[in-house]
Amino acid sequence: MKSVSLPAAFPLLARVVGGLRATVTALPRPRRAPARCGDGAGHIALVGAGPGARDLLTLRAVARIGAADVIFYDRLVDPAILDLARPGARCVYVGKEVGNCAWPQDQIDRMIVDEAGRGHRVVRLKSGDPSIFGRACEEIAAARAAGIAVELVPGITAASAAAASLCRPLTERGETDTFVISTGTCKPGDAAPDRAALARPGTSVAFYMAVERAARVQADLLAAGAPAACPVDIVASASTPSERFAATTLGALTETIAREGLKSPAILFVRYPKSLAAARDRAA
């Protein structure tokens, strides 16, 4: 069999792969570039690293990572993403785990502001999208209080990646017309979300940081009237080599998690299809 080289077989793919770095460095600036504090002023970019897989980064994220002087990265960021940093850039680990505050948020705020204050281009690299449970509010506020220019670079959030792994849309015409992102773990001292508002026909909910709180989520939704037959998909470590999946129902949620040994990071998809509500009404 005659061998065919990549450029000959897939010329477009070869050009894209071979020229990725040149492409992202030549990207035009956003229509509204981040405000500058003056000549030589530093800059902070809160960059979404996506759910895990490096090829799910946005081009803008790659460009910011490649231009950074200092990168502060989270626990769930794929180490391969750090390979995109330029030679000489410093990469500083500031990872957190649910319930573990080894890196207090105010310390991280001070570190990124201090580096930007020295005139450095700082990337705060967060898994998923920094605006979804990513503590972006605190870091944006710290930058603005110090007069540092700050930018938010969105990333693909875990719910989108998990749904893609399942090859299932986040909404389904005629069945789920409302999509909600909620959390299973709130800030210490805060009340749990009002999950009664989520137990409505036509609603699909992606619960983040909820595996360890699955019993509470399950009890709240059942108490609010969601049927035990509501389908639930659990996707752990979406888009990574260690990805795992389990399908169950709301009534069997905690039993399934325990049996399968599923751990964080994971997304719990709870769907209350309109057809299930209609069948329930007919049986009543």
Side-chain angles (χ1 to χ4, degrees), residues 50-53 56 76 98-99 127-129 132-133 156-187 190-284:
L56 289 179
L76 297 178
V98 176
S127 61
D129 185 295
I132 299 178
F133 306 126
I156 293 178
T157 191
S160 296
S165 293
L166 296 171
C167 202
R168 176 174 294 152
L170 291 169
T171 60
E172 184 179 354
R173 187 178 183 186
E175 287 287 10
T176 53
D177 51 24
T178 300
F179 173 62
V180 178
I181 291 177
S182 187
T183 182
T185 304
C186 294
K187 179 181 178 181
D190 284 359
D194 179 11
R195 299 193 179 102
L198 307 179
R200 295 178 178 176
T203 300
S204 178
V205 185
F207 288 100
Y208 286 56
M209 300 173 288
V211 169
E212 289 76 14
R213 306 287 189 276
R216 176 69 185 274
V217 171
Q218 178 188 44
D220 287 350
L221 292 176
L222 291 173
C230 281
V232 178
D233 292 311
I234 309 164
V235 184
S237 301
S239 86
T240 73
S242 56
E243 179 181 279
R244 294 186 62 198
F245 162 74
T248 185
T249 61
L250 182 58
L253 175 58
T254 54
E255 176 187 345
T256 301
I257 290 174
R259 183 182 67 247
E260 299 295 330
L262 296 169
K263 305 291 184 182
S264 293
I267 296 291
L268 308 184
F269 286 117
V270 181
R271 290 178 292 125
Y272 188 175
K274 292 180 180 180
S275 59
L276 182 59
R280 190 183 194 187
D281 290 342
R282 289 193 298 269

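Computed from a prediction, not measured in an experiment: that's the story for all the values here.
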Heavy-atom pair of closest approach, residues [X] and [Y]:
X: Ile156; Y: Ala161; value: CG2-N, 4.3 Å
X: Pro227; Y: Tyr272; value: CD-CZ, 3.3 Å
X: Ala159; Y: Leu170; value: O-CD2, 3.9 Å
X: Leu250; Y: Leu222; value: CD2-CD2, 3.7 Å
X: Thr157; Y: Ile132; value: OG1-CD1, 3.7 Å
X: Pro193; Y: Cys186; value: CD-SG, 3.5 Å

- Item | CA sep, side-chain torsions, deciding dist, call: Leu253, Ile234, side chain to side chain contact (heavy atoms under 4.5 Å, CB included) | CA-CA 9 Å; Leu253 175 58; Ile234 309 164; 3.8 Å; yes
The criterion is side chain to side chain donor-acceptor pair (under 3.5 Å); which residues satisfy it with [X], sequence neighbours excluded?
X: Thr240; answer: Ser242
X: Thr183; answer: none
X: Thr254; answer: Gln218
X: Thr176; answer: none

With sequence neighbours excluded, tell me which residues meet side-chain contact (heavy atoms from CB on, under 4.5 Å) with [X].
X: Pro169; answer: none
X: Ala229; answer: Leu276
X: Ala158; answer: Tyr208, Ile267

- Query: Are Ser127 and Pro51 close enough that some pair of their side-chain heavy atoms sits under 4.5 Å apart?
  - Reply: no
- Message: For Arg216, give me all partners under salt bridge (charged side-chain N to carboxylate O under 4.0 Å, His left out), at least two apart in sequence or on another chain.
- Response: Asp220
- Message: Restricting to salt bridge (charged side-chain N to carboxylate O under 4.0 Å, His left out), what partner residues turn up for Glu175, sequence neighbours left out?
- Response: none
- Query: What pairs meet the salt bridge (Lys or Arg N to Asp or Glu O under 4.0 Å) rule with one or both residues in residues 232-245, with sequence neighbours excluded?
  - Reply: Arg168-Asp233, Asp233-Arg271, Arg244-Glu260
- Would you list the pairs meeting salt bridge (Lys or Arg N to Asp or Glu O under 4.0 Å) in which at least one residue belongs to residues 272-284, sequence neighbours left out? Asp177-Lys274
- Task: Only pairs at least two apart or in different chains count here, so list each ring-ring contact (aromatic ring centres under 6.0 Å, His included) that has a residue in residues 217-259.
- Result: none
- No-hydrogen, no-angle side-chain donor-acceptor test under 3.5 Å, Glu212 and Thr185: no
- Output the distance between atom CG (Asp194) and atom OG (Ser182), rounded to the nearest 0.5 Å. 9.5 Å
- Query: Hey, does the side chain of Ser165 reach the backbone of Ala238 with a donor-acceptor pair shorter than 3.5 angstrom?
  - Reply: no
